[in-house]
Amino acid sequence: MLDIKLIRESRETVEAGLKTRRSEVKLDEVLALDERRRAIITEVDRLRARRNEVSREIGALKKAGEDTGAIQQETREIGERISALDAELREAGEAQRRLLLAIPNLPQEGVPEGADSTANVVVRSWGEPREFAFEPKDHVALGEALGLFDFERAARLAGSGFPLLTGAGARLERALIQFMLDLHTTQHGYVEVAPPHLVSSAAMTGTGQLPKLADDMYHLSTDDLWLIPTAEVPVTNIYREEIIRRPLPIRLVAHTPCFRREAGAAGKDTRGLIRVHQFNKVELVQFVEPEASRAAHEELTGHAEAVLQALGLPYRVLLLCSGDMSFAAAKCYDLELWAPGYGGWLEVSSCSNFEAFQARRANIRWKNREGRNEFVHTLNGSGVALPRLVVALLENGQQEDGSVILPEALRPYLGGLERLTPPA
RNA sequence: GGAGAGAUGGCGGAGUGGCUGAACGCGCCGGUCUUGAAAACCGGAUCCCGCUCGCGCGGGACGGGGGUUCGAAUCCCUCUCUCUCCGCCA
């Protein structure tokens with residue numbers, strides 16, 4: 001949510017920023033409501049001041065045993081006018097909040113302008129894509145031969161898009177989760193948390209998934225709860241409606257399943273593990289002082305990169321353009337792994353700085369150095385998402401005989417296993 | 001799922017219609033004292049909104065919402081959450 005004061009005072013700047021987000025700018029309406037609201041507040045405050053004054057007088061008169069009939073009539077009338085104005089005020093406030101909740105965050109300076117992913121900028125690459133002496137297979141062919149997953153039977157359980165990992169495949173995923181959690185907690189200073197996988201609408205609104213993305217998520221109508229599309233939601237909302245009274249930054253890491261309806265999914269990405277309705281992810285979340293958020297964003301991105309480096313997987317870092325960023329982000333880096341069988345880059349992480357956008361929605365504040373309450377800045381990034389990490393791991397590590405060599409860093413988590421081979 | 005109890009400032013905990021933004025204690029900040037610290041003593045401090053260039057002025061908030069009343073932390077309704085006991089259960 002943007003600060004209404006910013007919209008009021010720097011309308012042109014806000015409009016210019018929103019234009020690059022392909023957002024339908026509705027500032028006229030918001031500002032009209034804001035003006036209306038403030039006018040009512042001024043009037044209501046004036047009436048209340050008068051009523052307080054008269055009420056005090058009534059108290060004094062009654063104590064003196066005098067008649068207060070006429071004067072009581074005045075306050076009764078004031079009370080009625082206050083009730084009427086209060087109703088109007090509430091309506092205007094709700095309407096304004098609805099509009100504000102639908103306005104995306106402003107891009108940070110330095111974010112390239114652009115309408116879609118073609119305007120994203122590659123800021124760096126790491127690792128060399130491997131040269132193959134044979135035609136590399138894709139992860140589905142490799143994994144099925146190795147008995148790592150079973151898509152056909154999986155479809156019996158919940159339809160397509162809900163993967164069933166089997167044997168070494170299931171264990172590989174568990175090993176990766178453990179490896180990543182250990183890396184972030186021991187090397188990067190994160191505290192591990194295990195949050196709920198279902199959250200309320202209030203939590204979804206706090207991080208910005210609602211109202212806009214309702215159709216992309218699974219909703220349990222009986223209990224009015226949502227399955228989380230990312231651990232960002234429960235973890236960021238841990239401090240909702242709170243003034244944080246411990247030193248910042250707070251760094252949290254969580255492993256959770258993620259559920260996404262991905263209504264528009266189509267094409268080759270529906271094959272295998274590339275795009276699924278349920279997947280596991282390790283997520284990094286930070287609450288930081290406003291002045292520290294830019295540095296923290298670079299650092300957090302580095303924490304996600306460290307996973308890929310430790311596994312020896314070639315990747316590139318994209319700076320997303322204004323039109324390709326998610327609703328709540330002010331700046332975002334995507335990490336993409338090279339997948340030789342797939343023949344393209346796979347997004348395994350989005351590292352975003354939300355500045356005060358989520359904090360303002362969720363009312364997450366801290367006491368700054370002047371002792372004043374101030375919204376924190378929130379950040380998060382995948383560290384990293386699993387299915388595509390598995391895809392890249394298999395496709396990059398594959399040998400001509402169909403076996404897969406495992407990165408050394410992972411072997412301790414697999415009982416020393418060096419290579420995946422077909423089950424006996 | 002059933003029965004009961006409760007929700008007040010950073011924490012504990014008073015307060016049952018006006019003088020209570022809130023006693024008291026702890027914790028916190030500043031000062032006196034001290035070589036320094038502790039103790040003791042003195043003082044300070046909630047949050048949100050509106051108006052104002054500012055000094056400041058006004059309004060609101062005792063879990064959320066609604067009501068009664070001239071006036072509500074206090075009375076009524078409702079929702080949410082917490083705790084205790086019972087039932088069920090991985």
Side-chain angles (χ1 to χ4, degrees), chain A residues 1-10 30-101 194-206 210 220-227 234 237-248 250 256-257 287 356 359-376:
Chain A
M1 192 157 67
L2 299 181
D3 187 353
I4 185 64
K5 285 179 191 151
L6 179 73
I7 298 177
R8 202 189 292 153
E9 287 156 18
S10 316
V30 177
L31 286 170
L33 283 165
D34 180 50
E35 209 162 306
R36 174 85 192 117
R37 218 177 43 84
R38 285 185 297 145
I40 297 173
I41 289 171
T42 303
E43 177 64 3
V44 166
D45 283 359
R46 195 183 62 79
L47 289 170
R48 284 206 169 107
R50 174 64 188 157
R51 182 174 68 180
N52 290 344
E53 194 185 324
V54 178
S55 283
R56 268 192 296 274
E57 226 173 285
I58 290 170
L61 287 173
K62 286 207 161 164
K63 202 163 279 177
E66 295 186 33
D67 177 65
T68 57
I71 202 170
Q72 281 192 29
Q73 182 58 29
E74 184 190 346
T75 53
R76 197 174 294 122
E77 279 163 15
I78 291 175
E80 280 162 16
R81 286 172 64 195
I82 290 174
S83 306
L85 285 171
D86 260 344
E88 254 187 85
L89 178 61
R90 199 177 329 117
E91 223 169 282
E94 280 166 13
Q96 187 195 54
R97 183 172 167 83
R98 264 197 303 280
L99 290 177
L100 284 174
L101 285 175
H197 302 164
L198 297 174
V199 299
S200 64
S201 295
M204 284 297 184
T205 305
L210 287 179
L220 282 74
S221 57
T222 310
D223 301 289
D224 192 20
L225 290 170
W226 304 80
L227 276 85
N237 276 285
I238 288 173
Y239 289 104
R240 186 159 57 90
E241 302 294 340
E242 188 166 329
I243 298 167
I244 298 175
R245 287 169 198 281
R246 56 162 75 184
L248 299 178
I250 294 171
T256 69
F287 303 83
R360 192 172 289 109
R361 288 176 159 244
N363 200 21
I364 304 171
R365 294 172 295 171
W366 73 302
K367 284 239 183 268
N368 69 16
R369 301 190 191 289
E370 287 103 52
R372 298 253 297 262
N373 295 338
E374 183 180 35
F375 292 116
V376 300

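The sequence lines fix the lettering, A, B, ..., with proteins before strands; numbering per chain opens at 1.
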A.B. asks: Please state the C1' separation for the pair B:A14 and B:C26 - nearest whole angstrom.
C.D. replies: 15 Å
A.B. asks: Which atom pairs, donor and acceptor, lie under 3.5 Å between side-chain atoms of residues 89-100 of chain A and protein residues at least two apart or in another chain?
C.D. replies:
residue: A:Gln96; atom: OE1; partner: A:Arg37; partner atom: NE; Å: 3.3
residue: A:Gln96; atom: NE2; partner: A:Asp34; partner atom: OD1; Å: 3.4

A.B. asks: Between B:G31 and B:U84, how far is it from one C1' atom to the other, in whole Å?
C.D. replies: 47 Å
A.B. asks: State which residues pass side chain to side chain contact (heavy atoms under 4.5 Å, CB included) with A:Leu6; sequence neighbours excluded, sorted by chain then number.
C.D. replies: A:Asp3, A:Ser10, A:Val14, A:Leu106
A.B. asks: Applying side chain to side chain contact (heavy atoms under 4.5 Å, CB included), can you list everything that pairs with A:Arg36, at least two apart in sequence or on another chain?
C.D. replies: A:Ile40, A:Glu88
A.B. asks: Tabulated below should be each protein N or O lying under 3.5 Å from an N or O of nucleotides 47-51 of chain B; please produce it.
C.D. replies:
residue: B:C47; atom: OP1; partner: A:Lys367; partner atom: NZ; Å: 3.4
residue: B:C47; atom: O3'; partner: A:Asn373; partner atom: ND2; Å: 3.3
residue: B:C48; atom: OP1; partner: A:Arg365; partner atom: NH1; Å: 3.3
residue: B:G50; atom: O2'; partner: A:Thr42; partner atom: OG1; Å: 2.9
residue: B:C51; atom: OP1; partner: A:Arg38; partner atom: NH1; Å: 3.0

A.B. asks: Can you name the side chain to side chain contact (heavy atoms under 4.5 Å, CB included) partners of A:Asp224, sequence neighbours left out?
C.D. replies: A:Ser201, A:His219, A:Trp226
A.B. asks: How does RNA chain B look in dot-bracket notation if pairs are Watson-Crick or G-U with both distances under 3.5 Å, crossing ones as [ ], other-strand ones as |?
C.D. replies: ((((((((.[[[..)..(.....]]].(((((.......))))).((((((....)))))).[[[[[..)....]]]]])))))))....
A.B. asks: P atom, B:G64 versus B:C81: distance in rounded Å?
C.D. replies: 15 Å
A.B. asks: With sequence neighbours excluded, tell me which residues meet side chain to side chain contact (heavy atoms under 4.5 Å, CB included) with A:Leu47.
C.D. replies: A:Glu43, A:Ile78, A:Arg81, A:Ile82, A:Leu85
A.B. asks: Is any side-chain heavy atom of A:Leu227 closer than 4.5 Å to a side-chain heavy atom of A:Leu198?
C.D. replies: yes
A.B. asks: Using the C1' atom on both, measure B:C48 against B:U82 and round to a whole Å.
C.D. replies: 26 Å
A.B. asks: Can you list the steps and then say if A:Tyr239 with A:Ile250 is a side-chain contact (heavy atoms from CB on, under 4.5 Å)?
C.D. replies: CA-CA 11 Å; A:Tyr239 289 104; A:Ile250 294 171; 3.7 Å; yes
A.B. asks: Please tell me if A:Asn52 has a side-chain N or O lying less than 4.0 Å from either OP1 or OP2 of B:G71.
C.D. replies: no
A.B. asks: Starting at CZ of A:Arg240 and ending at P of B:U80, how long is that distance when rounded to a whole Å?
C.D. replies: 15 Å
A.B. asks: With sequence neighbours excluded, what pairs up with A:Glu9 under the salt bridge (charged side-chain N to carboxylate O under 4.0 Å, His left out) test?
C.D. replies: none
A.B. asks: Nearest whole Å is fine: how far is B:G9 P from A:Glu242 CD?
C.D. replies: 13 Å
A.B. asks: How would you label the contact of A:Thr75 with the nucleic acid (heavy atoms, under 4.0 Å): base, sugar-phosphate, or nothing?
C.D. replies: sugar-phosphate
A.B. asks: Can you list the residues that meet the side chain to side chain donor-acceptor pair (under 3.5 Å) rule with A:Glu241, with sequence neighbours excluded?
C.D. replies: A:Asn363
A.B. asks: Distance check, C1' atoms only: B:C49 and B:A37, in whole angstrom units.
C.D. replies: 44 Å
A.B. asks: Please report, rounded to the nearest Å, how far the P atom of B:C70 is from the CD atom of A:Glu80.
C.D. replies: 10 Å
A.B. asks: Take atom CG of A:Leu89 and atom C1' of B:A61, then tell me their distance rounded to the nearest Å.
C.D. replies: 14 Å
A.B. asks: Taking side chain to side chain donor-acceptor pair (under 3.5 Å) as the test, write out the residues that go with A:Glu242, two or more places apart.
C.D. replies: none
A.B. asks: Could you tell me the separation between the CG atom of A:Leu47 and the P atom of B:G71, rounded to a whole number of Å?
C.D. replies: 13 Å
A.B. asks: What is the separation between atom CZ on A:Arg50 and atom C1' on B:G71, rounded to the nearest whole Å?
C.D. replies: 14 Å
A.B. asks: Taking the C1' atom in each of B:A7 and B:G63, what is the distance between them to the nearest angstrom?
C.D. replies: 6 Å
A.B. asks: Determine: side-chain N/O of A:Arg51 to OP1/OP2 of B:G71, distance under 4.0 Å, yes or no.
C.D. replies: yes
A.B. asks: Ignoring hydrogens and angles, tell me if any N or O in the side chain of A:Asn368 forms a donor-acceptor pair with the backbone of A:Glu374 under 3.5 Å.
C.D. replies: no
A.B. asks: Show me the protein contacts with nucleotides 63-67 of chain B, counting only N or O atoms at under 3.5 Å.
C.D. replies:
residue: B:G66; atom: OP1; partner: A:Arg90; partner atom: NE; Å: 3.2
residue: B:G66; atom: OP1; partner: A:Arg90; partner atom: NH2; Å: 3.2

A.B. asks: Output the rounded distance in Å from CD1 (A:Ile78) to C1' (B:G59).
C.D. replies: 14 Å
A.B. asks: Please report the distance separating the P of B:G4 from the corresponding atom of B:U20, rounded so that it comes out in whole Å.
C.D. replies: 37 Å
A.B. asks: Between A:Glu241 (CD) and B:A61 (C1'), how many Å, whole number?
C.D. replies: 14 Å
A.B. asks: Expressed as a whole number of Å, how far does the C1' atom of B:A23 sit from that of B:U16?
C.D. replies: 15 Å
A.B. asks: May I ask you to decide if A:Asn373's main-chain N or O and A:Arg365's side chain share a donor-acceptor pair within less than 3.5 Å?
C.D. replies: no
A.B. asks: Of all residues at least two apart in sequence or in a different chain, which pass the ring-ring contact (aromatic ring centres under 6.0 Å, His included) check with A:Trp366?
C.D. replies: none
